[in-house]
Amino acid sequence: MDAETLAARADARRRWGLAAPAVAIITLFSILPLGVVLVYSFLAPGDFGNVRWQLSFEGWFSVLFERDIFDDTISLSDAHLTILGRSVALSLATTLITLVLGLPTAWFIATRPLHQRAFWLFLITIPFWTNLLVRTIAVQEMIRSEGVFNRLFLWLGLIDAPIQMMFTNFAVLVGMAYVFLPLMVLPVYSAIEKFDFRLAEAGYDLYASRAYCLRRVILPMVRPGIIAGSILVFVPSLGAYVTPRIMGGGKSMMLGNLIEMQFGQGRNWPLGAALSLTLTALVLAALIWYTRLTSGGRRNG
Amino acid sequence: MADRAFDTRRLPGATVLALACFVILYIPMVILVANSFNTGKVIGQWEGVSLHWYARALQNDAFLAAARTSLILASLAALIATITATMAALATTRSRGFRGEGTIHIVLNQPIMVPEIVLAIALLIIIAQIKQATGYTGLGYLVIAHSAFCIPFAYMPIRARLEGMDLTLETAAADLYAGRLYTFRKVTLPLLAPGILAGFMLAFVISLDDVVISDFLKSPGQDTLPTYLLGELRRNLTSEIYAISSLLLLISVLIVAGSWLLTRKKT
């Protein structure tokens with residue numbers, strides 16, 4: 001063994017030693033608990049929560065199917081499918097809304113003169129750092145039955161009785177779009193900020209139309225920011241728990257709320273564990289799709 | 001080029017949508033703060049401006065206890081996360097690749113890849129059993145759990161700072177026979193300080209922001225500000241909620257403004 005490999009080994013040992021505390025904390029308090037969830041998803045539910053140590057696939061089975069209590073016929077679980085579908089649909093809609101509002105905002109900030117940009121960015125950073133629960137309470141005040149919109153509409157005589165907006169898919173969507181909007185603006189902004197506008201000018205000088213230039217010059221350069229923003233909004237939307245709980249209540253549940261229910265009133269820990277892993281798998285799929293898309297883009301560009 | 005028919009930096013409608021976006025972001029927060037100054041008990045029935053609900057909140061023992069818990073928890077978790085993340089960042093940057101580098105990287109980023117509710121459930125299962133087995137129900141569980149999910153956030157700015165750092169100063173120190181530890185203390189650490197500070201602040205805010213994991217893991221009497229607020233929201237909707245929310249909002253404004261001033265001075 002030559003001196004170089006020995007030195008390399010000593011270096012690797014030193015580096016592992018330095019990383020050890022962080023790696024240990026995360027392994028023990030984030031990775032190991034997930035391993036326990038995986039094990040629990042293959043066990044039988046206990047009578048009062050918890051699990052019985054007995055191999056069972058019932059937890060995973062119940063994610064999508066249900067058994068009739070009388071004649072054991074198997075059918076798709078409508079309740080679970082509705083919640084799963086709602087989670088995906090509302091997360092996609094949230095991403096779309098935040099993109100429609102966030103892209104022009106990012107564009108607006110990036111095209112301000114340099115000394116003004118800090119101020120506009122500051123305005124985006126404040127809600128970004130404000131407690132999620134506080135922002136959910138703020139948006140709830142807008143649309144609840146005695147809230148700002150209803151009182152305004154009543155006062156204007158547009159409606160005779162308050163419109164029930166809370167505890168609907170609409171309320172969850174409004175809440176999530178409001179709460180996650182800053183997450184879209186920041187990455188899109190940093191992509192537009194890097195864009196060299198001389199490229200667009202070159203396009204125009206070569207008689208490209210505005211639409212053509214936007215599509216072929218600007219959009220491809222800003223695309224990584226749009227993708228990053230979309231994933232930053234979609235992933236936490238899919239796993240959202242606090243906002244749908246306050247805005248949707250028991251009527252418009254998302255996957256996160258269904259999971260929590262299995263460990264509370266519903267009391268089916270293996271099902272809760274299987275649902276947790278389903279949600280994690282969906283999130284990981286989105287993240288893998290994202291890395292594929294961005295690394296693929298780099299190769300082409 | 002003055003004869004170009006349009007400005008390349010103008011996107012039709014962008015300004016209108018952007019200003020609408022700022023209005024949408026701020027109106028709910030402004031109304032929230034305005035409501036906190038309402039004297040009346042019932043939200044929406046305006047009975048005059050006062051600091052009544054702030055005074056009540058500050059006399060409310062449960063709120064004060066929650067504020068103290070939040071402060072202790074966020075400080076300890078951010079401290080642990082920052083120290084361990086700094087060490088980890090030193091381990092994973094400026095290397096020519098070593099065995100297991102990829103593994104360390106995946107582990108350090110793992111907490112942000114898992115939905116918070118899933119992590120909360122997973123921790124609940126384990127920690128409920130440890131609580132039962134050991135009888136210890138202190139704040140330690142929350143501190144270590146918060147440290148775990150704060151590490152990736154502390155790690156990011158510290159790592160970024162390290163990667164952008166110039167190696168020549170450290171090489172110069174080494175050439176002048178400064179020992180490894182001395183070089184680290186006198187050269188590397190001062191250069192790294194802004195990254196470490198940014199990492200600490202990020203970790204602190206992330207810990208302060210957490211609702212779900214704290215709500216699931218807390219023992220009786222361990223409410224943090226967000227879990228207390230969540231509980232109040234379930235129990236009774238009074239203007240006190242708006243006062244407490246406004247105080248939390250104020251904290252974030254102060255932190256953002258503070259970090260703004262800090263980074264401005266440094267660059």
Side-chain angles (χ1 to χ4, degrees), chain A residues 8 11-12 15-16 18-19 21-23 25-27 29-31 33-34 36-37 40 101-102 104-105 107-108 111 122-123 125-127 129-134 137-139 141-142 146 148 151 178 181 197 200-201 204 210 238-239 241-242 246 256 259-260 263 272 276 279-280 283-284 287, chain B residues 4 6 8-9 11 13-15 17-18 21-22 25 28-29 31-32 35 44 84-85 87-88 90-92 95 98-100 104 107-108 110-111 113-119 121-126 144-145 147-149 151 205 209 211-212 226 229-230 241 245 248-249 252-253 255-256 260:
Chain A
D11 181 61
R15 287 174 182 278
W16 265 99
L18 272 172
V23 168
I25 291 176
I26 293 177
T27 307
F29 293 94
S30 188
I31 297 174
L34 277 185
V36 173
V37 170
Y40 272 33
L101 278 170
T105 308
W107 181 278
F108 172 82
T111 51
F122 186 71
L123 287 187
T125 346
I126 285 178
W129 284 123
T130 301
N131 195 296
L132 182 98
L133 185 58
V134 170
I137 292 173
V139 73
E141 175 61 25
M142 300 300 289
E146 304 84 28
V148 174
R151 275 188 286 140
Y178 178 73
L181 184 54
F197 277 92
E201 280 165 27
Y204 291 138
R210 185 191 281 276
L238 203 58
Y241 166 77
V242 176
I246 292 172
I259 291 171
E260 192 252 4
F263 292 88
S276 298
L279 174 59
T280 310
V283 164
L284 283 181
L287 289 173
Chain B
R4 195 180 290 118
F6 40 74
T8 51
R9 285 163 186 269
L11 197 65
T15 306
L17 273 173
C21 178
F22 284 109
L25 276 178
M29 294 207 281
I31 288 178
L32 178 94
N35 271 323
T84 54
M87 291 166 68
L90 286 165
T92 52
S95 84
F98 63 98
R99 243 182 119 89
I104 293 182
V107 169
L108 289 178
Q110 186 267 348
M113 292 191 280
V114 179
E116 208 185 355
I117 179 78
V118 174
L119 198 53
I121 292 290
L123 281 164
L124 175 71
I125 292 175
I126 284 200
I144 198 77
S147 305
F149 69 74
I151 287 174
V205 175
D209 205 35
V211 192
V212 188
L229 203 53
L230 192 66
I241 287 174
S245 299
L248 275 170
L249 186 66
S252 357
V253 173
I255 289 176
V256 175
W260 205 267

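Residue numbers begin at 1 in each chain, while the letters A, B, ... track the order of the sequences. Atoms considered below: every heavy atom in the structure, side chains included; atoms not considered: hydrogens, waters and symmetry mates. Everything numeric in this text was worked out from a predicted model, so none of it was measured.
Contacts between A:Ala8 and chain B at a heavy-atom distance below 4.5 Å are absent for every atom of the residue. Of the atoms belonging to B:Leu230, heavy atoms from both backbone and side chain fall under 4.5 Å from chain A. The part of A:Ile246 that comes within reach of chain B is its side chain, from C-beta onward, which places non-hydrogen atoms under 4.5 angstrom from that chain. For A:Phe122, the parts lying near chain B are the backbone and the side chain together; criterion is any non-hydrogen pair under 4.5 Å. At a 4.5 Å heavy-atom cutoff, the contact between B:Leu25 and chain A is made by backbone and side-chain atoms alike. Only the side chain of B:Ile31 has a heavy atom closer than 4.5 Å to any heavy atom of chain A. Proximity to chain B (any heavy atom under 4.5 Å) is restricted, for A:Leu181, to the side chain, taken from C-beta onward.
In plain terms, the two heavy atoms of B:Met29 and A:Ala138 that are nearest each other are N-CB, 4.3 Å. In terms of heavy-atom proximity, A:Pro21 sits nearest to B:Met87 at CG-CE, 3.7 Å.
Residues A:Phe263 and B:Ile125 form a side-chain contact, since some pair of their non-hydrogen atoms from C-beta on lies under 4.5 Å apart. In this structure, the side chains of B:Leu17 and A:Leu101 come closer than 4.5 Å at one or more pairs of heavy atoms. At least one side-chain heavy atom of B:Ile151 sits less than 4.5 Å from a side-chain heavy atom of A:Ile25. No side-chain heavy atom of B:Val114 sits less than 4.5 Å from a side-chain heavy atom of A:Val283. The shortest distance between side-chain heavy atoms of B:Ser252 and A:Ile126 does not fall below 4.5 Å. For the pair A:Glu260 and B:Ile117, the minimum side-chain heavy-atom distance is below 4.5 Å. Proximity of A:Leu123 to B:Phe22: side-chain heavy atoms (C-beta onward) are separated by under 4.5 Å at one or more points.
In terms of heavy-atom pairs under 4.5 Å with chain B, the best-connected choice from A:Leu34, A:Val139, A:Val37, A:Val242 is A:Leu34. Interface summary for chain B: among A:Leu279, A:Asp11, A:Ile259, the most heavy-atom pairs under 4.5 angstrom belong to A:Leu279. Of the listed residues (A:Leu287, A:Ile137, A:Leu284), the one with the most heavy-atom contacts under 4.5 Å to chain B is A:Ile137.
Formation of a donor-acceptor pair under 3.5 Å by the A:Trp16 side chain with backbone atoms of B:Arg99 is found in this model. Counting only distance, with no hydrogens or angles, the side chain of B:Asp209 and the backbone of A:Leu132 share a donor-acceptor pair below 3.5 Å.
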